Peer 1: 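What follows is a single structure, and I will ask about it in a moment.
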Amino acid sequence: MRKQINIGLFGFGCVGNGLYDVLSNSPGFKADIKKIVVKNKHKKRSLPPEKFLYHKSEILDDPDINLVVELIDNATDAFEIVKEALQKGKNVVTANKKMIAENFSELVELQQKYGCSLLYEASSCGSIPILRTLEEYYDNELLNSVSGIFNGSSNYILTKIQNENISYETALKQAQELGFAESNPKLDVEGYDAKYKLIIVAGHSFGVFIKPEQVLNLGIQNLQKQDVEYAKQNHKKIRLIAGVYKTDKKHITLFVAPRFVDKNDPLYHVDNEYNAVTVEAAFSDKQLFIGKGAGGHPTGSAVLSDISANAYDYKYEYKKRFQSHQVEYTNDIEPEIYIRYNHKNILDKLEISSVSSFGTNYILAYISLKELLNKKELINQSGSLVVFTGNFKTPYIKQPSLLHVSLTNSE
């Protein structure tokens with residue numbers, strides 16, 4: 001039986017506003033947003049000022065509010081709100097992927113200790129219901145990988161650059177004007193946003209909670225026209241791909257990085273602010289999920305889905321976490337990378353395993369994932385761009401989408 005939901009909402013930015021619109025126009029589901037707490041008293045909003053409050057106690061100490069919806073930007077403040085809400089016996093819905101990724105284990109323990117539910121479908125891949133799908137449909141399936149385009153902002157930028165031949169700066173500005181990217185786009189274009197989502201997805205697909213600092217994220221912020229032309233000459237596109245992959249029966253690996261994809265890869269055709277998630281499994285084979293990954297309304301609809309699920313007392317069970325065949329995280333793999341450099345001395349500072357081919361200011365080479373993680377800031381600061389080719393020297397990753405990508409020397 002569906003229970004009455006009285007919502008206390010924290011935050012009224014892009015997603016909060018989107019949720020308000022979606023909830024107001026959903027005839028099949030009714031919930032009362034009893035209170036809205038925001039931080040900035042002077043910010044202009046779509047609702048009158050008397051609709052807003054400014055102290056978290058207004059919601060957390062209200063006994064009539066039985067669902068806290070947290071939609072603020074600051075991960076530290078969000079964690080304090082969510083933690084206190086759970087300790088007070090209130091269920092919580094959040095979209096804050098950074099907060100979850102940084103505190104995953106503790107949040108799961110809090111739910112178990114206080115008997116509450118924390119739902120966060122909106123934290124991962126926008127409007128695609130990937131977390132509940134992993135929890136329910138794939139709960140007893142042997143998964144090989146979950147990967148794809150997890151950030152709509154960076155995908156929009158890459159689409160505009162590659163399809164319309166405009167500069168990175170112009171594409172970024174367009175994404176910001178449309179509300180797909182923040183004024184400080186670092187989280188999106190440097191792969192942090194996708195990494196936080198990936199960590200959450202890995203928790204539900206393989207039952208492993210990985211700390212963000214353990215996972216490689218390389219972005220597109222150093223992309224130049226030469227890199228796009230190289231991809232075109234080889235009949236490929238560049239996509240920012242996040243993935244968790246089973247390397248053997250006991251290990252998985254995670255990383256976020258640009259990758260070359262060809263026309264045979266479904267991700268080649270996923271454009272603009274869309275996300276795409278490919279789930280590869282032992283028995284159900286490969287399935288592809290596509291949906292909008294940026295914007296207030298797509299994310300707001302995912303929040304509404306969690307609110308609706310909460311009305312029926314739905315909880316994540318973290319089934320893979322408690323199954324007997326546990327796996328561990330490893331970064332002991334060697335991907336082949338394209339690295340375009342501005343100064344050749346960057347190559348001297350990297351422990352490159354072997355070189356496949358080279359051009360005037362780029363090489364194709366094998367390098368360990370651990371080395372890329374250790375030298376990430378050095379690579380970023382040098383202005384270099386790293387793109388995974390999809391080939392691996394170590395015979396771990398077996399997924400068809402990551403094998404047999406053939407690139408040629410364009411010189």
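Keep in mind the model is a prediction, meaning the values are calculated, not measured. Residues: numbered from 1 along the sequence shown.
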Peer 1: Do the charged groups of Asp77 and Lys56 touch, with an N to O distance under 4.0 Å?
Peer 2: no
Peer 1: What class does the angle between the rings of Tyr318 and Phe209 fall in, given that below 30° is parallel, 30 to 60° is tilted and above 60° is perpendicular?
Peer 2: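 Answer is perpendicular, since the angle exceeds 60°.
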Peer 1: Could you tell me the separation between the OG atom of Ser147 and the CG atom of Leu254, rounded to the nearest 0.5 Å?
Peer 2: 11.0 Å
Peer 1: Is Arg321 positioned over the aromatic face of Tyr316, cation under 6.0 angstrom from the ring centre and no more than 45 degrees off axis?
Peer 2: no
Peer 1: Tell me, yes or no, whether the heavy-atom count around Lys370 atom NZ, taken from other residues, nucleotides or ligands under 6.0 Å, exceeds 12.
Peer 2: no
Peer 1: Does Lys173, at its NZ atom, have more than 12 non-hydrogen atoms belonging to other residues, nucleotides or ligands within less than 6.0 Å?
Peer 2: no
Peer 1: Just checking, Lys41 and Tyr54: is the charged tip under 6.0 Å from the six-membered ring centre and within 45° of the axis?
Peer 2: yes
Peer 1: With side chains defined as the heavy atoms from C-beta onward, is the minimum distance between Asn331 and Leu373 less than 4.5 Å?
Peer 2: yes
Peer 1: Using a strict threshold of under 4.0 Å (side-chain N to carboxylate O), is an ion pair present between Glu136 and Lys319?
Peer 2: yes
Peer 1: Could you label the plane-to-plane angle of the Phe260 and Tyr230 rings as parallel, tilted or perpendicular, counting under 30° as parallel and over 60° as perpendicular?
Peer 2: tilted
Peer 1: For the pair Phe388 and Phe255, name the ring-plane relationship: parallel under 30°, tilted 30 to 60°, perpendicular over 60°.
Peer 2: tilted
Peer 1: Please determine if Lys197 forms a cation-pi arrangement with Phe150, meaning its NZ or CZ atom is less than 6.0 Å from the six-membered ring centre and no more than 45° off the ring axis.
Peer 2: no
Peer 1: With side-chain contact (heavy atoms from CB on, under 4.5 Å) as the test, would you mind laying out the steps for Ile5 and Asp32 before giving the verdict?
Peer 2: CA-CA 6 Å; Ile5 299 294; Asp32 179 29; over 6 Å; no
